[in-house]
Amino acid sequence: MTYQPGPYLTPDYMLPYWEPVYYQQEYQMYSMMTPEYYPSLWTPLVHQSNSESQEDSGVVSEDDEKEEEVLEKGSCPPPTLTVHQANEILGTPIPERCPDTKKIANRITEWLKTSKTHQKEFSENVIGRSQGTLSSILKTPKPWKAMHCGREVFIRMYNFMRISEEERKQIMNLQLNLPKSTRQPRVSNRRFTRVQKECLDGLVERIEKPSKEIKRVISRELGLPESTVHNYFMNARRKLKYD
DNA sequence: TGCTAGTCAATACC
DNA sequence: GGTATTGACTAGCA
């Protein structure tokens with residue numbers, strides 16, 4: 001089967017891959033864009049042999065004339081993204097070895113502002129995460145190297161910023177069927193009393209990793225479940241690490 | 001078994 | 001009403 005690049009595999013779309021910084025990965029990126037990996041980005045050339053014979057003979061059919069007319073007038077409807085294509089575009093691996101997550105986050109924040117898109121709408125339609133998660137990702141993005149499966153979200157945001165405004169609009173209006181959380185609803189979040197909070201903050205400053213026994217004492221003294229004390233230290237360590 | 005990273009979702013905050 | 005914060009849950013890893 002012979003293919004030609006589809007509407008979303010245009011020079012504009014490919015351009016970022018050909019900047020000198022990615023040059024060394026040229027082969028890798030080119031191979032990832034092949035019809036075998038991303039068939040929906042390509043269009044099979046069905047009539048190739050016919051057109052070749054016509055070119056040889058110099059005969060132009062009525063159909064060809066009509067087609068040329070349409071192309072000249074530009075009356076071709078803009079291509080419409082399917083859910084599958086949108087997911088493929090957003091999930092395309094990033095060519096950079098170590099992308100700047102801060103830069104990606106800033107660009108998304110800027111776009112949300114200028115396009116007047118709410119975080120909730122974007123988080124659910126594009127990255128498949130909750131509003132709160134998006135908010136914290138945008139405010140304090142982790143360095144690429146410190147991330148593991150969290151990179152997926154940045155890949156989608158990176159690709160979202162690479163496409164045209166028209167394509168972004170289409171994606172925002174598509175239902176991408178992104179996986180929803182299957183977690184059990186839980187009891188409403190506990191809020192610590194002022195004394196509990198002050199004690200826990202003071203302890204976090206002094207003890208990085210309390211033993212089981214220490215956690216037991218703390219929970220007894222503050223009247224909190226051990227799991228709550230455990231979670232508090234865990235969240236505090238994480239906060240200290242990235243703030 | 002304990003820890004980290006990723007995340008949810010309630011709720012505080014502006 | 002939209003965003004930021006935060007306590008809790010969970011998968012995966014050492």
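Chain letters run A, B, ... following the sequence lines, proteins first and then strands; every chain starts at 1. No hydrogens, no waters, no symmetry mates; every other heavy atom, side chains included, goes into these values.
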So, are A/E165 and A/R168 salt-bridged, with charged N and O less than 4.0 Å apart?
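Judged by the 4.0 Å cut-off on N to carboxylate O distance, A/E165 and A/R168 do form a salt bridge.
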Do the charged groups of A/E208 and A/R237 touch, with an N to O distance under 4.0 Å?
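So A/E208 does not pair with A/R237 through a salt bridge.
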Integer-rounded Å distance: [N] [atom2] and [X] [atom1]:
X	N	atom1	atom2	value
A/N235	B/dT4	CG	P	11 Å
A/N231	B/dT4	CG	P	12 Å
A/R191	B/dA10	CZ	C1'	7 Å
A/H230	C/dA8	NE2	C1'	10 Å
A/K239	C/dA8	NZ	C1'	16 Å
A/L224	C/dA8	CG	C1'	13 Å
A/F154	B/dA5	CZ	P	15 Å
A/F233	C/dT6	CZ	P	16 Å

Taking only the side-chain heavy atoms of A/K212 (C-beta and beyond), determine which of B/dG2, B/dT11, B/dT7 contains the nearest atom.
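Between B/dG2, B/dT11, B/dT7, the one nearest the side chain of A/K212 would be B/dG2.
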By nearest atom, which of the nucleotides C/dA8, B/dT4, B/dG6 is closest to the A/C149 side chain?
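Side chain of A/C149 sits closest to B/dG6.
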With sugar-phosphate meaning primed atoms plus P, OP1 and OP2, does A/T228 contact a base, only sugar-phosphate, or nothing at under 4.0 Å between heavy atoms?
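It contacts sugar-phosphate atoms only.
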Just checking A/M147: base, sugar-phosphate only, or nothing, at a heavy-atom cut-off of under 4.0 Å?
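The residue A/M147 makes sugar-phosphate contact but no base contact.
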Ignoring hydrogens and geometry, is there a side-chain-to-backbone donor-acceptor pair from A/T140 to A/S136 under 3.5 Å?
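Yes; judged by distance alone, with no hydrogens or angles, the pair exists.
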Any A/K215 side-chain N or O less than 4.0 Å from OP1/OP2 of B/dC3
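Yes, within the criterion.
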So does A/K241 get a side-chain nitrogen or oxygen closer than 4.0 Å to the phosphate oxygens (OP1/OP2) of B/dT4?
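So the side chain of A/K241 is outside the cut-off, no N or O lying under 4.0 Å from OP1 or OP2 of B/dT4.
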Assess, by modelled atom type and distance only, whether the side chains of A/Y158 and A/D100 contain a donor and an acceptor separated by less than 3.5 Å.
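Short answer, no.
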Can a donor-acceptor pair be found between the side chains of A/R162 and A/N159 at a distance below 3.5 Å?
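The criterion, which ignores hydrogens and geometry beyond distance, is satisfied for A/N159 and A/R162.
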Is there a donor and acceptor pair closer than 3.5 Å between the side chain of A/R151 and the base of B/dG6?
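Answer is no: no donor-acceptor pair is held.
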For A/R107, is the CZ atom crowded, meaning more than 12 foreign heavy atoms sit under 6.0 Å from it?
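Result for CZ/A/R107: open.
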Hey, which of these two, A/R238 or A/P210, hits DNA chain B nearer its 5' end, going by closest nucleotide?
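Result of the comparison: A/P210.
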Go through residues 110-145 of chain A and report each residue with a non-hydrogen atom lying under 4.0 Å from DNA chain C, sorted by number.
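By residue number: A/H118, A/Q119, A/Q131, A/G132, A/S135, A/K139.
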Nearest heavy-atom pair of A/K120 and A/S123: which atoms, and what distance?
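Looking at all heavy atoms of both residues, the closest pair is O-OG, 3.0 Å.
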